[in-house]
2 protein chains.
Amino acid sequence: MTTSLTRSEEDHIKAIHGLQQAGTSAFTKDIADRLHTKASSVTDMLKKLAEKGLVKHAPYYGATLTTKGRRQALMLVRKHRLWETFLVQRLGFGWDEVHEVAEQLEHVGSEKLVERLDEYLGRPAFDPHGDPIPDAQGRFPERVTLPLVDCAVGERIRLVAVKDPSDSLLHLLNEKGIGIGLEAEVRARQDFDGSVELRTKQGPVHVVSGRVAEHLLMERR
Amino acid sequence: MTTSLTRSEEDHIKAIHGLQQAGTSAFTKDIADRLHTKASSVTDMLKKLAEKGLVKHAPYYGATLTTKGRRQALMLVRKHRLWETFLVQRLGFGWDEVHEVAEQLEHVGSEKLVERLDEYLGRPAFDPHGDPIPDAQGRFPERVTLPLVDCAVGERIRLVAVKDPSDSLLHLLNEKGIGIGLEAEVRARQDFDGSVELRTKQGPVHVVSGRVAEHLLMERR
DNA sequence: AATTATTTTTAGTCAAGCCTAATTTTCACC
DNA sequence: GGTGAAAATTAGGCTTGACTAAAAATAATT
């Protein structure tokens with residue numbers, strides 16, 4: 001059962017979910033920035049959400065979602081992405097126009113509405129941005145991924161995970177400005193050393209060695 | 001251009017619109033009852049809306065919408081009825097389950113969303129309850145009506161207006177419990193005097209004389 | 001016309017969510 | 001280890017939209 005939250009509570013839960021990576025916690029300042037509010041307001045809300053059992057708040061060390069909080073967050077993500085799918089697929093919105101409207105629609109509270117919408121859209125696994133849509137139990141669809149080193153020239157792909165991430169590898173990717181969600185096209189591949197040349201949507205071209213390309217798990221799009 | 005209002009402001013505008021008949025004004029108590037709040041809260045809001053130029057507030061004598069307020073109200077009615085149509089027609093909701101959800105959806109603010117939804121639904125003129133949907137300019141669709149006296153036996157009809165309503169006629173209708181929106185089926189008609197027998201959905205049977213039946217404008221459903 | 005009942009308004013309070021300013025804590029760097 | 005910058009928290013205040021209780025206005029009844 002999912003408790004009924006206020007608009008502001010939901011916004012905070014979602015922000016924490018978005019900022020919190022595996023293991024890491026979300027910091028007050030980052031949450032405030034995301035919601036266009038101030039740190040002090042966030043502290044208030046974290047206390048409130050901690051009392052409700054949705055968030056674990058370690059003062060000065062950030063916040064993480066509890067199991068209960070994560071379930072709420074996943075249902076919000078589910079609603080957001082289903083509405084985005086509806087707006088693009090059925091109402092003909094552009095993929096770049098839907099965020100703000102979905103932001104409002106996701107707060108409409110009706111289990112039945114969400115289930116019916118999901119069904120109506122054909123239970124889509126991914127939204128128009130390519131992001132996965134959790135099911136009613138909060139499970140994400142399986143990703144079909146392959147290492148960048150095995151991608152063919154010309155394929156349009158997206159980075160969805162890094163295999164066995166060592167500190168030095170993450171540092172290298174960070175240096176190059178390569179992160180999860182990067183969308184690109186394979187421009188060239190050298191058989192000699194397995195190195196790959198990518199052109200991103202936004203313009204910059206990246207060249208990564210074969211050793212690196214083995215670790216980058218891509219998804220076709 | 002329609003100003004952006006808070007949820008509570010919109011709720012009040014809509015309540016006033018719903019209570020206010022042609023000419024009449026909406027009373028504080030009735031607004032409070034409809035919104036499940038208290039009269040004093042409504043007084044506060046009426047002052048605020050009057051300052052914004054959406055409502056004309058005659059203290060102790062009720063409130064009426066200004067032209068600006070009425071435009072806002074019509075857009076809310078438009079959104080509400082379009083969403084109800086969507087829920088029933090596309091998501092398979094029952095006509096009796098949609099009100100609460102539509103109540104939330106109608107507050108989502110995006111002109112574009114409403115226009116696209118309208119288009120997607122095929123610009124419907126009436127919602128699943130048979131209520132007319134205003135267009136983007138706030139105009140209601142024309143009703144196709146015919147006097148009850150001309151309705152054939154077996155027709156399923158609804159009372160949408162009373163032609164040339166005299167006080168005595170309205171009194172008679174009130175006595176019989178016949179009002180706008182009444183849904184019924186024509187069970188019999190006497191050629192001798194034009195009198196008509198109706199059976200309503202809710203059970204009771206009404207018999208009205210030919211003289212009365214001339215004044216009752218019905219719509220097929 | 002006076003009294004009573006009802007409705008409306010006014011006055012003062014409260015919680016939710018935000019804010020600013022001041023204080024406390026943490027962390028990075030010398 | 002001490003110091004300063006950044007971040008987080010606390011303290012106190014404001015606005016919105018609700019409330020209760022009391023006062024005022026209107027309507028109804030005798």
Side-chain angles (χ1 to χ4, degrees), chain A residues 3-16 18-21 23-65 69 72 76 103-104 106-107 109 167 171 174, chain B residues 3-16 18-21 24-65 69 72 76 103-104 106-107 109:
Chain A
T3 333
S4 158
L5 303 178
T6 66
R7 168 79 198 244
S8 180
E9 286 169 340
E10 289 192 347
D11 285 338
H12 281 78
I13 292 281
K14 214 172 60 123
I16 296 166
L19 290 165
Q20 188 186 341
Q21 309 292 358
T24 344
S25 49
F27 298 106
T28 307
K29 177 71 166 25
D30 298 327
I31 300 169
D33 286 349
R34 190 174 276 224
L35 300 179
H36 304 108
T37 62
K38 296 305 166 70
S40 55
S41 309
V42 173
T43 301
D44 287 348
M45 187 55 84
L46 290 181
K47 280 192 208 156
K48 190 180 166 193
L49 292 174
E51 267 173 26
K52 287 199 178 194
L54 296 161
V55 156
K56 183 147 160 282
H57 182 209
Y60 296 101
Y61 290 92
T64 51
L65 294 175
Q72 293 276 356
L76 286 167
E103 202 70 22
Q104 294 185 63
E106 77 189 4
H107 294 290
D167 281 358
H171 179 76
N174 194 36
Chain B
T3 332
S4 157
L5 303 177
T6 67
R7 168 79 198 247
S8 179
E9 287 169 340
E10 289 192 347
D11 285 339
H12 282 78
I13 292 282
K14 217 174 58 128
I16 296 166
L19 289 165
Q20 189 186 340
Q21 309 293 357
T24 344
S25 48
F27 297 106
T28 308
K29 177 71 167 20
D30 298 327
I31 299 169
D33 286 348
R34 188 174 278 223
L35 299 179
H36 304 107
T37 62
K38 296 302 167 69
S40 56
S41 309
V42 173
T43 302
D44 287 348
M45 186 55 84
L46 290 180
K47 278 192 208 157
K48 190 180 166 194
L49 292 174
E51 266 173 27
K52 287 199 176 193
L54 296 162
V55 155
K56 185 149 160 281
H57 182 207
Y60 295 101
Y61 291 91
T64 51
L65 294 175
Q72 292 277 357
L76 285 166
E103 201 71 21
Q104 294 185 63
E106 77 188 4
H107 295 290

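Just so we're on the same page: letters track the sequence lines, and every chain starts at 1.
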Can you find a side chain N or O atom of [X] that sits less than 4.0 Å from OP1 or OP2 on [N]?
| X | N | result |
| --- | --- | --- |
| A:Ser41 | C:dC18 | no |
| A:His57 | D:dA8 | no |
| A:Thr28 | D:dT9 | yes |
| A:Thr6 | C:dG17 | yes |
| A:Lys38 | C:dC18 | no |
| A:Ser8 | C:dG17 | no |

Toward the 5' end of DNA chain C, which comes first, A:His12 or A:Tyr61, by nearest nucleotide?
A:His12
Before accepting this row, confirm whether a basic side-chain N of the pair A:Asp30/A:Arg34 lies closer than 4.0 Å to the acidic partner's carboxylate O.
no
Could you tell me whether B:Lys48 and B:Asp44 make a salt bridge, using a distance below 4.0 angstrom between a side-chain N and a carboxylate O?
no
Over how many whole Å does the gap from [X] atom [atom1] to [N] atom [atom2] extend?
| X | N | atom1 | atom2 | result |
| --- | --- | --- | --- | --- |
| B:Leu49 | D:dG17 | CG | P | 9 Å |
| A:Arg34 | C:dC18 | CZ | P | 16 Å |
| A:Met45 | D:dT10 | CE | P | 16 Å |
| B:Glu10 | D:dG17 | CD | P | 11 Å |
| A:Asp44 | D:dT15 | CG | P | 18 Å |
| A:Tyr60 | C:dT25 | OH | C1' | 5 Å |
| B:Leu19 | C:dT7 | CG | C1' | 15 Å |
| B:Arg7 | D:dA18 | CZ | P | 10 Å |

Can a donor-acceptor pair under 3.5 Å be found between the side-chain atoms of A:Thr43 and the base atoms of D:dT10?
no
Go through B:Lys14 and B:Glu106 one step at a time and tell me if the side chain to side chain contact (heavy atoms under 4.5 Å, CB included) criterion holds.
CA-CA 11 Å; B:Lys14 217 174 58 128; B:Glu106 77 188 4; 3.1 Å; yes
Looking only at D:dA8, C:dT7, C:dG17, the nucleotide nearest the B:Lys29 side chain is C:dT7
Among C:dT9, C:dT10, D:dT9, which nucleotide sits nearest the side chain of B:Lys47?
C:dT10
Let me confirm one number: the CD1-CD distance from B:Ile13 to B:Gln72, rounded to the nearest 0.5 Å.
6.5 Å
Inter-residue atom distance A:Asp33.CG - A:Thr28.OG1, 0.5 Å rounding
11.0 Å
Once you apply a heavy-atom cut-off of 4.0 Å, does A:Thr37 come out as touching a base, just sugar-phosphate, or nothing?
sugar-phosphate
